[in-house]
Amino acid sequence: MNIIRTTEELRRWRAAVRAAGRDVVFVPTMGFLHRGHQALMRAAVESGGELVVSIFVNPMQFGPGEDFERYPRDEVGDLGRIREVDPSAVVFVPSVTEMYPPGFSTRVIVSGVTAPLCGRSRPGHFEGVSSVVARLFGLVQPTRAYFGLKDYQQVATIRRMVADLALPVEIVGCPTVREVDGLALSSRNVYLGPEDREAALSLSRGLARGAEAYAAGERDPSVLEGVIGAVLQAQPGVRVDYVEVLDADHLGMASPDRPMVAAVAAFVGRARLIDNRVYTP
Ligand code: AMP
């Protein structure tokens, strides 16, 4: 495995890969990797090309009072999990000053899809995400980049950015990997104690209850939100941040004849968890 820590070294590696005529496939992460990240890596490797995985806890996408300092980190474990999928992967592990050198002054702001959901709860979050991903795309210059649909709004934001800036990269969204009981895998699940872990199940359970109502013909977003919200509100130890049912494509108002995304965010113990499910006619 090839561990690269500087942008200069990454540039040299990228030039050599281009000279060899090989594609690059890319999985950006914040580390503390789990099977969800590994599924992205597997999809990338299976599509062909040299795999680059980045590990960077991006301070720009954390708000004041959020968990940047205590975000879980485990570089040795991460390298093992990458090696399991692809022993020849390149792992890009930049420092904050490599990513944001003195004089760095640019922000990428995507409007529209970033307005609801986490955009409302976490001001500046998506600006941090799109800015860092744009810089990573410039450095890695991938043919394809893989993102998890667990962070549904993030994928929508990156797709919008890539279309608007005409960036030469294909964005591939991959299904959410879950525990057998339905809990979406997340690096932040490490914050959950045993009781929190139980309470956290109410997110996927609420979304499933919403799916049942949808399958039974319910198409009113506010009724669906009520069905999902009731499950969360009935669960001790869960504080709801939002429950919203929106158009699955543009994240604007849902319409009955188009796919909808039901998205939830809730505080459980010390963790803020998100989950979503797409309801399709
Ligand atoms: P993170 O390290 O949390 O920033 O996530 C890095 C990438 O992994 C993002 O594209 C996430 O959407 C994706 N990801 C995180 N959790 C999961 C999961 N449970 N299933 C699929 N992809 C995931």
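Positions are given from 1 along the sequence. Counting starts at 1 for both ligands and their atoms, following the listed order.
Below 4.0 Å from some heavy atom of Leu40 lie the following atoms of ligand 1, by number and element: 7 (C), 8 (O), 10 (O), 13 (C). Atoms of ligand 1 lying under 4.0 Å from at least one heavy atom of Pro28, given by number and element, are 6 (C), 7 (C). Ligand-side atoms of ligand 1 in range of Phe147: 10 (O), range being under 4.0 angstrom from any heavy atom.
Between Arg14 and Glu50 there is no salt bridge, since none of the side-chain N atoms of the basic residue sits less than 4.0 Å from a carboxylate O of the acidic one. Between Glu84 and Arg81 there is no salt bridge, since no side-chain N of the basic residue sits under 4.0 Å from a carboxylate O of the acidic one.
Considering both main-chain and side-chain atoms, Ser187 never comes within under 3.5 Å of ligand 1 through any nitrogen or oxygen pair. Polar contact with ligand 1: present for Met30 (N/O pair, distance under 3.5 Å). At least one N or O atom of Leu185 sits closer than 3.5 Å to an N or O atom of ligand 1. Polar contact with ligand 1: present for Val177 (N/O pair, distance under 3.5 Å). For the pair His37 and ligand 1, the shortest N or O to N or O distance falls below 3.5 Å.
Across Lys150, Gln154, Gln38, heavy-atom proximity to atom 9 (C) of ligand 1 is greatest for Gln154. Distances from atom 3 (O) of ligand 1 to the heavy atoms of Tyr146, Tyr71, Phe32, Tyr152 put Tyr71 nearest.
Contact annotation for Cys174 and ligand 1: no heavy atom of the residue comes within less than 4.0 Å of the ligand. By the criterion of a heavy-atom distance under 4.0 Å, the side chain of His34, and not its backbone, is placed next to ligand 1.
You'll find the side chain of Leu251 reaches within 4.5 Å of the side chain of Val261, heavy atoms only.
Closest to atom 21 (C) of ligand 1, if we only count protein heavy atoms, is Pro175 O, 3.5 Å. The nearest protein atom to atom 11 (C) of ligand 1, hydrogens excluded, is given as Asp151 OD2, 3.1 Å; this is a heavy-atom distance. Given atom 22 (N) of ligand 1, the protein heavy atom at minimum distance is Gly148 CA, 3.5 Å.
Screening Ile55, Leu139, Ile3 against Phe92 for a side-chain contact (heavy atoms from CB on, under 4.5 Å) leaves a single residue, Leu139. Just one residue in the list Arg188, Arg272, Arg122, Arg270 forms a salt bridge (charged side-chain N to carboxylate O under 4.0 Å, His left out) with Glu66, and that residue is Arg122.
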ask   = Going through the distances and angles, do Glu8 and Arg11 end up as a salt bridge (charged side-chain N to carboxylate O under 4.0 Å, His left out)?
value = CA-CA 5 Å; Glu8 198 36 57; Arg11 279 199 186 92; 3.8 Å; yes

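Checked by atom type, the side-chain pair Arg144/Tyr146 shows a donor-acceptor distance below 3.5 Å. Remark: the Tyr71 side chain and the Asn58 side chain contain no N/O donor-acceptor pair separated by less than 3.5 Å. For the residue pair Thr7 and Glu98, a side-chain donor N or O sits within less than 3.5 Å of a side-chain acceptor on the partner.
Note: His37 and His34 have tilted aromatic rings, judged against thresholds of 30 and 60 degrees for the angle between ring planes.
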